[in-house]
Structures are given as structure tokens and as C-alpha cells.
Participant: 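Before I ask anything, let me first share the structure, which is written out below as C-alpha cells.
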Protein chains: 2
Amino acid sequence: MSKKKQVTFADIAEYTNFSKTTISRYFNHPDSLTLENQEKISQALDTLGYKKNKLAKVLANGKSEFIGIIVPNLYLHYYSEMLTQFLSSYRDYHYKFLVFVSEHGAEEEQQYIEELLSYQIEGLIVLSHTLPSEKLASYQIPVIAIEREAEHISSVNTDNYMGALQATSLLIRDKCDILIHINVNVNKSAPAYDRIWAFQATCEEYHVPYDIDLSVKGASYHELLDVIREIFNKIESKYPDQKKGIFLANDTYANMFLNLIFQKYGTFPSTYEIVGFDNSPIASKAILPITTIGQQIDVIAKTAMDLLVQQMEEQKKRVPKPLGEPIHKQITPILIRRNTTE
Amino acid sequence: MSKKKQVTFADIAEYTNFSKTTISRYFNHPDSLTLENQEKISQALDTLGYKKNKLAKVLANGKSEFIGIIVPNLYLHYYSEMLTQFLSSYRDYHYKFLVFVSEHGAEEEQQYIEELLSYQIEGLIVLSHTLPSEKLASYQIPVIAIEREAEHISSVNTDNYMGALQATSLLIRDKCDILIHINVNVNKSAPAYDRIWAFQATCEEYHVPYDIDLSVKGASYHELLDVIREIFNKIESKYPDQKKGIFLANDTYANMFLNLIFQKYGTFPSTYEIVGFDNSPIASKAILPITTIGQQIDVIAKTAMDLLVQQMEEQKKRVPKPLGEPIHKQITPILIRRNTTE
DNA sequence: TTGTAGGCGTTATCAT
DNA sequence: ATGATAACGCCTACAA
């Protein structure tokens with residue numbers, strides 16, 4: 001007889017001579033019971049060893065308190081930090097998160113979403129970029145996109161333009177002779193394209209010579225490093241005696257570049273300034289702490305949650321508005337000055 | 001009337017003139033239907049736009065397919081990689097994960113576990129170390145501990161002894177004059193204590209001079225760096241011309257140490273060898289790729305899942321065995337030779 | 001191969 | 001302030 005069933009409201013009710021309804025009220029509207037009876041029930045709960053069953057509750061009232069999250073991976077600090085922020089929001093919002101890592105294309109991702117829906121998630125947070133926002137919008141639940149295409153759904157993004165503007169301005173203020181931006185060949189529809197655009201616009205506005213190198217590519221660290229090395233060598237020979245202000249697309253590239261400089265010179269020469277992007281751990285652990293643009297991941301996550309919660313609340317009303325126009329928010333990143341700039 | 005209810009088995013049944021039972025069978029025992037009727041139902045499903053409700057299914061059959069995970073944080077690569085591995089295991093095992101980040105002590109952690117239990121989780125994976133294993137065992141569900149105290153519950157750990165043995169042996173083989181191990185003052189009951197023990201034992205076995213410095217401490221990166229710098233200076237003055245083999249407790253420390261060397265000498269002198277632990281990203285991104293001991297996180301996660309699944313299956317039987325004696329597994333880490341050793 | 005009836009544990013709607 | 005009863009959507013004997 002080790003198949004001991006759960007203790008249920010029925011058991012409590014029987015034990016206390018109340019009805020199941022009253023037990024339910026004890027949890028959801030305790031004020032409607034006399035203090036005396038509350039106490040009586042409270043007693044019964046732990047003599048019988050009651051444990052609640054939220055699944056039954058969800059089935060009955062339809063509020064799962066589940067949010068689905070789809071991340072491309074957790075290898076990148078950006079994603080794991082973002083996930084941390086969402087998971088930590090439990091303390092404030094009490095939503096639980098069902099997390100899927102999607103790295104095998106659109107079909108897999110759709111399956112995950114179906115699975116999530118079958119658990120009655122109330123909302124969805126998407127950091128992956130395989131499904132078009134049109135498809136995501138079609139699921140008819142609140143969706144927030146983060147740092148991805150989001151034409152048909154609400155989104156929260158870093159203000160990439162402002163970030164790149166800050167980086168570029170710093171290099172100009174520090175009187176670099178030539179400014180160079182190093183990046184992959186970003187798609188123009190991706191939010192991150194603004195970094196390139198802002199760099200260029202700022203350089204032109206201040207009439208500073210600049211160069212943009214979008215030749216970075218590679219799947220592995222080593223492939224990337226090889227490309228960065230080539231770029232480094234090119235820069236070295238092309239601008240030998242000038243003060244070079246290098247703005248790289250992220251801290252990983254920046255760190256590679258810094259290492260190449262350090263390996264060649266054994267120190268960080270005053271003819272270089274380097275600014276990265278992301279404020280990832282590598283930026284502070286580098287041989288010289290790297291100046292970088294810090295995405296405010298906590299703010300982004302908070303903003304996304306607020307947006308999502310608002311939409312989810314709306315959906316719970318008896319006559320919910322039909323999700324309306326997507327809302328797009330931008331979060332300004334902050335310049336973190338460290339040792340690769342003056 | 002936008003309060004459109006879900007399409008249920010009842011609707012399908014009505015539409016197809018079958019009973020709800022037959023619809024249920026279509027999903028769970030399709031073989032028991034004629035192909036013709038399967039087709040008929042299949043049609044009905046998508047003309048009516050059916051979406052399954054797994055919560056109802058769970059309530060009815062008791063199998064939630066949920067596993068709870070408690071991690072201390074995701075900031076450390078070790079944890080986020082571990083979480084990735086578990087989340088990715090969905091493809092093979094089809095268990096869903098409810099993840100909590102616990103960083104505010106035992107009380108909070110207990111609340112999380114209660115919450116997890118209320119969602120009828122079938123098993124629990126614990127990476128945090130605030131609750132004693134005795135407490136965890138008392139919840140009467142399958143629990144796997146990872147890299148933590150686990151007297152009363154099953155566990156999977158890195159074979160820290162073997163890892164440290166490999167590191168130490170390498171330094172001896174490379175004919176270092178003096179071996180030095182740098183670590184925090186690890187608690188003797190923690191699995192990681194074996195690293196210290198193995199280092200010492202191996203040095204003594206091979207009659208090699210050694211030193212153990214357990215003075216590392218600090219909450220922030222900067223505090224740690226200050227301590228490591230002190231240790232570095234001490235070593236520099238104490239063993240000026242000898243070949244020093246440094247084995248550090250993790251790659252973060254190793255990277256700090258390497259940076260200090262590089263900053264002082266502008267290069268990596270042949271009087272040093274360095275071995276880290278963890279194979280974290282910093283080890284390969286360092287100014288010189290660091291030789292390290294790689295924990296086989298994928299293997300650990302796989303082993304943990306196998307163990308857990310086995311125990312969960314047992315619990316689903318009509319007469320489950322009462323969880324029995326805890327099983328402890330050790331996974332041997334691997335030496336990853338890079339540029340800070342010969 | 002298919003159907004009937006009851007149950008999973010909670011909440012919601014009326015009553016009283 | 002408290003109850004009776006019917007959902008919620010699915011599963012599982014037991015029957016036929």
C-alpha cells in the first residue's frame with residue numbers, strides 16, 4: 001500500500017467538518033473565515049500533511065502562471081545573464097518559467113512552442129531568431145521579443161545606436177587619428193546593425209577619418225581569431241604611427257585584438273584605444289580591463305517582464321482586448337570606462 | 001464573445017461521433033483504432049484546431065514529466081553549461097525543467113522546493129549547497145546532487161582527485177623544480193577538497209618539493225585579484241630562478257596569475273608552467289591559452305539524467321521500491337593541454 | 001474496436 | 001460565513 005495518495009481538500013474538509021469550498025476559501029479568501037476556523041483548518045493542514053497541487057488549481061481557474069522562454073543558447077554570457085534575470089524575477093512576479101534551448105532550426109522551435117502552449121503558458125519570451133515575428137504573433141498569446149526582429153510583436157532592445165554613439169564619441173574625444181569599426185557583416189534588419197550606422201554617422205558628423213571592416217566571420221574561436229589577426233596586421237601596416245581608435249562589435253573580438261597587441265608589443269602602446277561591446281566577463285578579465293558598452297540586461301529583463309505582465313493581465317480579463325499594436329522599447333546602454341582608453 | 005474556450009476531446013468526439021475515450025486512445029494507443037478512423041479523427045483535429053492540454057493530462061494520470069532544478073547562479077560558466085546540458089536533454093528524455101536560481105539562503109530554497117512539489121515534479125536536481133542532503137532526502141522524491149555534499153542522496157561529481165592528479169603529474173613530468181597549489185581554504189567535506197589532497201599526495205609520492213597556498217578569498221573579482229597578486233609576488237621572491245609549476249583551483253585564478261606574469265615580463269617566461277581547472281571560456285580566451293583540467297559537464301549531466309530517470313521510473317511503478325540507498329558516481333575529467341605548459 | 005462512468009484536485013456559481 | 005454542485009480536460013478501469 002505504498003501508493004499513498006495526496007491529501008486533498010476533501011480530506012481536510014472531512015477532518016474539519018467543513019466543505020471543500022471552505023478549505024479553498026481558506027487559501028484564496030481567508031478573510032471570509034473566522035479567525036477561529038482559520039486556525040482550525042491550519043491545524044488540520046499540518047496534522048494531515050497537506051501539500052498543494054497547483055496543477056489542479058490551474059486546470060480549474062485557467063491561470064498557469066507559466067511563461068515560456070526560448071533562448072538560442074546559454075553559452076553566451078548575454079543569454080545566460082538574461083535568463084538569470086528572468087528567473088530571478090520570480091521573487092517579484094511569481095511567474096514560473098519553462099525554458100527551451102533552441103539551436104536546431106525553425107521546426108524544432110515550433111514544436112517547443114506547441115509544447116509550451118500545451119502547458120497553458122500565459123506568455124512567451126523569445127530570444128532566438130529563427131521564427132519570423134509574424135509566425136510568433138499568430139499564436140495569439142502575449143509575446144516579447146528581445147534583441148531580434150519584432151515587426152509584429154512587442155520587443156525590448158538595447159539602444160544600439162546610443163551605444164555605438166557613446167563608444168565612437170569617446171574615441172573622438174580621446175583624439176584618435178583614425179577610427180576603425182570591426183564587425184561581422186550584420187543584416188540591415190537586425191537591431192545590431194545600428195552599431196555600424198551610428199559609428200559611421202558619428203565619425204562623419206565630427207569629420208574624423210574612419211574605416212569600417214565587416215570581414216569578421218567564423219564558427220569557432222580559432223577561426224574568428226585568425227580573421228581578427230588578419231585585420232590587426234592590416235591595421236598595423238596601414239596606420240603605423242597614427243593613434244588608432246578601435247571599436248569592436250563585442251568584447252570577445254576586443255579581447256582578441258587586445259591580446260594580439262599585447263603579444264606583439266608586450267604592453268599596451270599609447271597608439272591604441274579599444275572599446276568593446278556587451279560588458280561580458282572577458283572584458284574585465286582581460287590582460288588589461290577593456291572599456292566597453294554595457295547592455296543593461298537587468299533593465300531589459302525588467303522592462304520585458306513589465307510589458308509581458310501587462311499584456312498577460314489584459315488577457316485574463318473577461319473581455320480581453322485583442323493584443324493590439326506591438327510596443328517597442330529601447331534601453332540605453334552605458335559606457336564602462338576601463339583601461340583600454342585614457 | 002472573445003472568451004473562446006479550448007477545443008476538447010468532447011468537441012472532437014461530438015464532431016466525429018466517437019466517444020471521448022476513442023479520442024484519448026487516438027493519442028495514447030493509436031494502434032487500437034482502424035487506420036480509417038485515425039484519419040477521420042486526424043482530420044477533425046485540425047479542422048477544429050485542437051491544441052492539447054498537458055496539464056489536464058498530468059492531473060489525470062499523475063505523470064508531470066517535470067523535473068525541478070535548483071542552481072546557485074548562472075554567472076559561473078560551470079552552472080550555465082550544466083543547465084544547458086539538462087535543458088538540451090529534452091530532446092532525448094522529454095522531461096521539462098522548472099528552474100530556480102537560489103541565492104538567498106535555505107529558507108528561500110525550501111519555498112522553491114515546495115513550489116516545485118506543488119507542480120508535481122517527478123524528480124529534483126540540486127546544484128546549490130544551502131540545504132543539507134538529509135533535508136533533501138526527506139522530500140521523498142528522486143533527487144540528484146551535483147558537485148555538492150550528498151550523504152543521503154544520490155550524486156554525480158567530477159573525480160576531483162583524478163583531475164588534480166593529472167595536473168600535478170604533468171607539472172612533474174615537465175620537470176618543474178617547485179610545485180605550488182593555489183586554492184581557497186576548501187571545506188574538507190566538499191568534493192573539491194580532493195584537489196588539494198591529490199596534489200599533496202602526488203607531490204609526496206614523486207618526492208617533488210611543493211607548496212600549498214590556501215589563502216585565496218574575496219567576493220569580487222578585484223578582491224580576488226589582489227590576493228592572487230600578493231601570492232604571485234610572494235612566489236616571485238621566494239623562488240626566483242626555479243622553474244615553478246603552478247596548479248590553480250580554477251581557470252579564473254589561473255588567468256589572473258597568467259596576466260600578472262605577462263604584465264611583469266611582457267611574455268610568458270620558461271620558468272613558469274600553469275594549469276587551471278574547469279576548462280571555462282576564459283582559459284581559451286586568455287592572452288595565452290591556458291592548460292586546464294576539463295570537467296566533462298555533458299557526461300556529468302547525462303549521468304545525472306540517467307540516474308534520475310531510473311529512479312523516477314521506479315517511482316511510477318504500482319509498487320515502487322522506497323528509493324533505496326543513494327548511488328554516487330564520479331566522472332573523470334580530462335587534461336586539456338594548451339600553451340601554459342610545454 | 002469502441003463506449004460508459006467515475007475520478008484527478010481545485011475553483012466558480014449559486015444558494016442559504 | 002458556509003455549502004452543494006458543476007465545471008476544468010483528460011485518463012482508466014470495466015463493459016460491450
Side-chain angles (χ1 to χ4, degrees), chain A residues 3-41 44-45 48-66 115 117-122 316-318, chain B residues 3-41 44-45 48-66 115 117-122 316-318:
Chain A
K3 196 84 180 179
K4 42 189 155 192
K5 337 197 80 169
Q6 297 184 57
V7 179
T8 75
F9 282 10
D11 301 317
I12 317 284
E14 191 181 16
Y15 185 88
T16 57
N17 291 321
F18 287 111
S19 70
K20 293 194 294 178
T21 310
T22 301
I23 311 302
S24 174
R25 274 197 269 266
Y26 169 83
F27 289 104
N28 300 314
H29 308 285
D31 311 337
S32 71
L33 307 201
T34 63
L35 281 174
E36 193 189 336
N37 288 342
Q38 289 187 41
E39 186 53 33
K40 208 178 287 178
I41 294 177
L45 288 178
L48 295 188
Y50 171 76
K51 305 223 181 296
K52 49 174 127 191
N53 184 331
K54 285 232 182 179
L55 293 189
K57 178 169 182 166
V58 172
L59 184 63
N61 75 4
K63 298 165 188 178
S64 69
E65 297 180 341
F66 278 142
E115 179 92 13
L117 291 174
S118 81
Y119 281 102
Q120 314 301 102
I121 54 166
E122 298 182 30
K316 287 187 207 171
K317 290 184 186 163
R318 347 199 36 106
Chain B
K3 196 86 181 178
K4 42 189 154 191
K5 336 199 81 170
Q6 299 184 56
V7 179
T8 74
F9 282 10
D11 300 318
I12 316 284
E14 190 181 17
Y15 184 88
T16 56
N17 291 320
F18 288 111
S19 70
K20 293 196 292 177
T21 311
T22 301
I23 311 303
S24 173
R25 275 197 269 266
Y26 169 82
F27 288 103
N28 301 314
H29 308 284
D31 312 337
S32 70
L33 308 201
T34 63
L35 281 174
E36 193 189 335
N37 289 341
Q38 290 187 41
E39 186 53 31
K40 207 178 287 177
I41 294 177
L45 288 180
L48 295 188
Y50 172 75
K51 305 225 181 294
K52 50 176 125 185
N53 184 330
K54 285 233 184 180
L55 293 188
K57 177 169 183 166
V58 172
L59 185 62
N61 75 5
K63 297 167 187 175
S64 70
E65 297 180 341
F66 278 142
E115 179 92 11
L117 290 174
S118 81
Y119 280 101
Q120 314 302 101
I121 54 166
E122 297 181 33
K316 287 187 206 171
K317 292 184 185 163
R318 348 202 33 107

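Hydrogens, waters and symmetry mates are skipped; everything else that's a heavy atom, side chains included, is used. Letters A, B, ... are given to chains in the order of the sequence lines, protein chains preceding strands, and every chain is numbered from 1.
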Participant: Counting any heavy atom closer than 4.0 Å, what does Asn17(A) reach on the DNA or RNA strands: base, sugar-phosphate only, or nothing?
Facilitator: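 Result for Asn17(A) = sugar-phosphate.
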Participant: dA12(C) C1' sits how many Å from Lys316(A) NZ, rounded?
Facilitator: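 So the NZ-C1' distance, Lys316(A) to dA12(C), works out to 17 Å.
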Participant: May I ask you to evaluate whether Asn28(A) reaches the phosphate of dT11(C), defined as a side-chain N or O under 4.0 Å from OP1 or OP2?
Facilitator: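 True: Asn28(A) side-chain N/O within range (under 4.0 Å) of dT11(C) OP1/OP2.
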Participant: Phosphate oxygens OP1/OP2 of dT11(C): is one of them under 4.0 Å from a side-chain N or O of Tyr26(A)?
Facilitator: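 Indeed not, no polar side-chain atom of Tyr26(A) lies that close.
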Participant: Could you state the CG-P distance from Asn53(B) to dC8(C), rounded to the nearest angstrom?
Facilitator: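 Spelled out: CG on Asn53(B) to P on dC8(C) is 18 Å.
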Participant: With sugar-phosphate meaning primed atoms plus P, OP1 and OP2, does Lys54(B) contact a base, only sugar-phosphate, or nothing at under 4.0 Å between heavy atoms?
Facilitator: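 Nothing, no nucleic acid heavy atom in range.
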Participant: For the side chain of Tyr50(B), starting at C-beta, report the closest nucleotide among dC10(D), dT2(D), dC11(D).
Facilitator: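 It is dC10(D).
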Participant: I want to check one thing: is the phosphate of dG3(D), taken as OP1 and OP2, less than 4.0 Å away from some side-chain N or O of Ser19(A)?
Facilitator: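 Ser19(A) to dG3(D) OP1/OP2: side-chain N or O found under 4.0 Å.
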Participant: What nucleotide among dA12(C), dT2(C), dA4(D) has an atom nearest to a side-chain atom of Phe18(B)?
Facilitator: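 My answer, after comparing the listed nucleotides, is dT2(C).
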Participant: From dG3(D), dG3(C), dC10(D), pick the nucleotide closest to the side chain of Arg25(B)?
Facilitator: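 Nearest listed nucleotide: dG3(C).
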Participant: Tell me whether the OP1 or OP2 atom of dA1(D) has a side-chain N or O from Ser32(A) closer than 4.0 Å.
Facilitator: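 No, no such contact exists.
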Participant: In the structure I gave you, are the side-chain heavy atoms of Asn37(A) and Thr16(A) within less than 4.5 Å of one another anywhere?
Facilitator: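 The answer is no, as the side chains (C-beta and beyond) never meet within the 4.5 Å cut-off.
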Participant: Below 3.5 Å, does any donor atom in the side chain of Thr21(B) face an acceptor in the base of dT4(C), or the other way round?
Facilitator: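 Checked by distance alone, the answer is yes.
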Participant: Can you measure Leu55(A) atom CG to dC10(D) atom C1' for me and round it to whole angstrom units?
Facilitator: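 Going from CG in Leu55(A) over to C1' in dC10(D) covers 13 Å.
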Participant: How many Å lie between OH on Tyr119(A) and C1' on dC8(D), as a whole number?
Facilitator: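 Going from Tyr119(A) (OH) to dC8(D) (C1'), I get 17 Å.
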Participant: With a cut-off of less than 4.0 Å, is there a side-chain N or O of Asn37(B) near OP1 or OP2 of dT1(C)?
Facilitator: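 No, because none of the side-chain N or O atoms of Asn37(B) sits under 4.0 Å from OP1 or OP2 of dT1(C).
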Participant: Send over the distance from Ile23(A) CD1 to dG3(D) P, rounded to a whole Å.
Facilitator: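 Spelled out: CD1 on Ile23(A) to P on dG3(D) is 8 Å.
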Participant: Nearest-Å distance, NE2 (His29(A)) to P (dG3(D))?
Facilitator: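 So the NE2-P distance, His29(A) to dG3(D), works out to 16 Å.
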Participant: Using atom CZ of Phe9(B) as one end and atom P of dT4(C) as the other, report the distance to the nearest whole Å.
Facilitator: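 Rounded to the whole Å, the gap is 16 Å.
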Participant: Does Lys52(A) contact dT10(C) through a side-chain donor or acceptor facing the base, at a distance under 3.5 Å?
Facilitator: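 Flag unset: no donor-acceptor pair detected.
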Participant: Separation of Glu14(B) atom CD from dG9(D) atom P, in whole Å?
Facilitator: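 Rounding to the nearest Å, CD of Glu14(B) and P of dG9(D) are 14 Å apart.
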Participant: Would you kindly compare Ala60(B) and Val58(A) by the position of their nearest DNA chain C nucleotide and give the one closer to the 5′ end?
Facilitator: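 Checking each residue's closest nucleotide, the 5'-ward one belongs to Ala60(B).
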